[in-house]
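As structure tokens, the structure follows; a few thoughts come after it.
Letters go in sequence order (proteins before strands), and every chain restarts at 1. None of these values were measured; they are calculated from a predicted model.
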Number of protein chains: 2
Amino acid sequence: MAEPREPREVGEPGRTRRDPESVSRFVEHFAAQLVEAGVPRMPARVFAALLASDTGALTSAELGEQLRISPAAVSGAVRYLAQVHLVSREREPGSRRDRYRVHSDQWYEALTNREALIKRWEDALREGVTSLGADTPAGRRLAETLAFFEFVEGEVEAMMERWRAHREKTFGAGDGRG
Amino acid sequence: MAEPREPREVGEPGRTRRDPESVSRFVEHFAAQLVEAGVPRMPARVFAALLASDTGALTSAELGEQLRISPAAVSGAVRYLAQVHLVSREREPGSRRDRYRVHSDQWYEALTNREALIKRWEDALREGVTSLGADTPAGRRLAETLAFFEFVEGEVEAMMERWRAHREKTFGAGDGRG
DNA sequence: CCTTACCTTCACAAATTTCTGAAAGAAGCG
DNA sequence: CGCTTCTTTCAGAAATTTGTGAAGGTAAGG
């Protein structure tokens, strides 16, 4: 039976330098920055908490307790984060608990995912060029905007390749897990 | 109150191929995509309307009429757009009217502007590395995330340079105005 | 096969955001 | 110097979003 082995008291001497208050301060501060960038609050907080965790993976219960939110809120936040590929869920074989994990390479997975969104912008723009007329001023403006996005799309892919190389050079060949 | 005289009939022969309905359809559709990406509704609609305009510049009154929104709404939307560098305001010398304009190179101005946001993420991450300890697992994860952003920051600058070249090659040397 | 533990979904309450009407603030023009 | 025209700001109404409690579903363990 999987005990919820999560002793609050920091009995371990020396090794456990993790001050919950420091962690919380970082979590809330970083989450606030994400919120300002347009990320919904709960997903931002959950993501920050995972990022600041030692193992890079927490259970729903742990998240709920640390952030003082209901299981429902955790569920919603995690669904959002999974959808934009910022966390993945793992099922523990011996237990019913899911664990939610951040990989360090998920940032660019998320960035890549954002391209799907841009593709829909491009579709709308193409339609606009057609319906307004490619030979009109507005049509030309739309076409140029479209060209910009298409250009960026191609560049991002190459950039990610370079990041991968840069990362291995700097941090050694990680396996992708924080 | 300004009478909502919006002649449906297209009286101009030949020259005015601009079907208001087509324009509106594009504006609303494209704006919807922006909204889905996190842009507030009114700014998205105003921006789309400017993008689809012939001159690339409209007055507050024109925007209000076309989108059926109040002057206050236009004011708010324009303030937002100016803040993220997606439109610029121009004052017409002979009149009291401001005109709001999109440049075709404002997309990457906006993208560049986004870096300011990322810089604050980086600050938060640096603080986290310090307070959690650079030698802890969490600290290392934060450090790597920080490195990713710093990398992207540098890359984006170079990418924009390439876009400028690509643009001139494809569209001829524009002056930056759509 | 039933119990237990966990996750999700649903309806609702609360808080924030969004847009409007009205008044005040600038800036040209007579 | 006051009038006119346009923009902005402010307070409030309306709508959307957000988070909770409770019920429902699924799978492990006895």
Side-chain angles (χ1 to χ4, degrees), chain A residues 1-6 27-28 31-32 34-50 57-84 87-101, chain B residues 1-5 27-28 31-50 57-84 87-101:
Chain A
M1 48 208 80
E3 290 274 320
R5 176 183 291 280
E6 176 73 35
V27 166
E28 297 304 332
L34 294 178
V35 166
E36 210 154 314
V39 182
R41 188 158 319 170
M42 283 295 141
R45 296 180 70 207
V46 166
F47 180 74
L50 286 170
L58 295 173
T59 66
S60 174
E62 288 167 337
L63 285 167
E65 186 188 357
Q66 185 180 337
L67 301 174
R68 304 283 177 174
I69 58 180
S70 70
V74 174
S75 177
V78 158
R79 175 172 33 177
Y80 176 95
L81 290 170
Q83 202 162 1
V84 299
V87 310
S88 59
R89 21 160 70 83
E90 296 178 353
R91 200 160 313 190
E92 290 190 70
S95 172
R96 303 158 201 71
R97 293 180 182 172
D98 281 1
R99 301 180 72 193
Y100 306 106
R101 154 158 279 141
Chain B
M1 47 195 80
E3 41 190 289
R5 175 159 301 286
V27 167
E28 297 304 332
Q33 304 304 318
L34 294 177
V35 166
E36 210 155 313
V39 182
R41 189 157 317 171
M42 283 294 141
R45 296 180 70 208
V46 166
F47 180 74
L50 286 170
L58 296 172
T59 66
S60 174
E62 289 167 337
L63 285 167
E65 187 185 357
Q66 185 180 336
L67 301 174
R68 304 283 177 174
I69 57 179
S70 70
V74 174
S75 178
V78 159
R79 176 172 31 179
Y80 176 95
L81 290 170
Q83 203 162 3
V84 299
V87 310
S88 59
R89 24 159 69 83
E90 296 177 352
R91 198 161 313 191
E92 290 189 70
S95 172
R96 303 158 201 70
R97 293 182 182 168
D98 282 0
R99 301 181 71 192
Y100 305 106
R101 155 157 278 140

Which one, C:dC6, C:dT8, C:dC19, comes nearest to the side chain of A:Arg96? C:dC6
Closer than 4.0 Å, any side-chain N/O of B:Arg79 to the OP1 or OP2 of D:dT9? yes
d(CZ, A:Arg41; P, D:dT16) in whole Å: 20 Å
When rounded to whole Å, the CD to C1' distance for the pair B:Gln83 and D:dT8 reads 15 Å
Report the distance from atom CD of B:Glu62 to atom P of D:dT5, rounded to the nearest whole Å. 17 Å
Grab the two heavy atoms, one from B:Leu34 and one from B:Phe47, that are nearest each other, plus how far apart they are. CD1-CD2, 4.1 Å
Of the listed D:dA27, C:dG21, D:dT20, the closest approach to the B:Ser70 side chain comes from C:dG21
Please report, rounded to the nearest Å, how far the P atom of D:dT5 is from the CG atom of B:Asp98. 17 Å
Without decimals, in angstroms, what is the distance between B:Tyr80 OH and D:dT7 P? 22 Å
For B:Val46 and B:Gln66, what are the C-alpha separation, side-chain angles and deciding distance, and is it a side-chain contact (heavy atoms from CB on, under 4.5 Å)? CA-CA 10 Å; B:Val46 166; B:Gln66 185 180 336; over 6 Å; no
Can you find a side chain N or O atom of B:Ser60 that sits less than 4.0 Å from OP1 or OP2 on D:dT7? yes
Interatomic distance where CE belongs to A:Met42 and P belongs to C:dT16 [whole Å]: 12 Å
Classify A:Arg45 by what it touches in the nucleic acid, base, sugar-phosphate, or nothing, heavy-atom distance under 4.0 Å. nothing
What's the spacing between A:Arg68 CZ and A:Arg45 CZ if we round to 0.5 Å? 10.5 Å
Enter the distance from B:Arg99:CZ to B:Leu63:CG here, rounded to the nearest 0.5 Å. 11.0 Å
Any side-chain N or O of B:Arg97 under 4.0 Å from OP1/OP2 of D:dC6? yes
On a heavy-atom basis, the closest approach of B:Arg89 and B:Val78 is NH2-CG1, 3.8 Å
Between A:Ala72 and B:Arg91, who's closer to the 5' end of DNA chain C by nearest nucleotide? A:Ala72
Quick one: label A:Tyr100 by what it contacts on the DNA or RNA (base, sugar-phosphate, nothing), any heavy atom closer than 4.0 Å. sugar-phosphate
What nucleic acid atoms does B:Arg99 come within less than 4.0 Å of, heavy atoms only: base, sugar-phosphate, or nothing? nothing
Ranking C:dC19, D:dT20, C:dT9 by distance to the side chain of A:Ile69, first place goes to D:dT20
Could you tell me how far apart A:Glu90 (CD) and C:dC6 (P) are, to the nearest whole angstrom? 18 Å
Quick one: A:Glu36 CD to C:dT16 C1', roughly how many Å, whole number? 16 Å
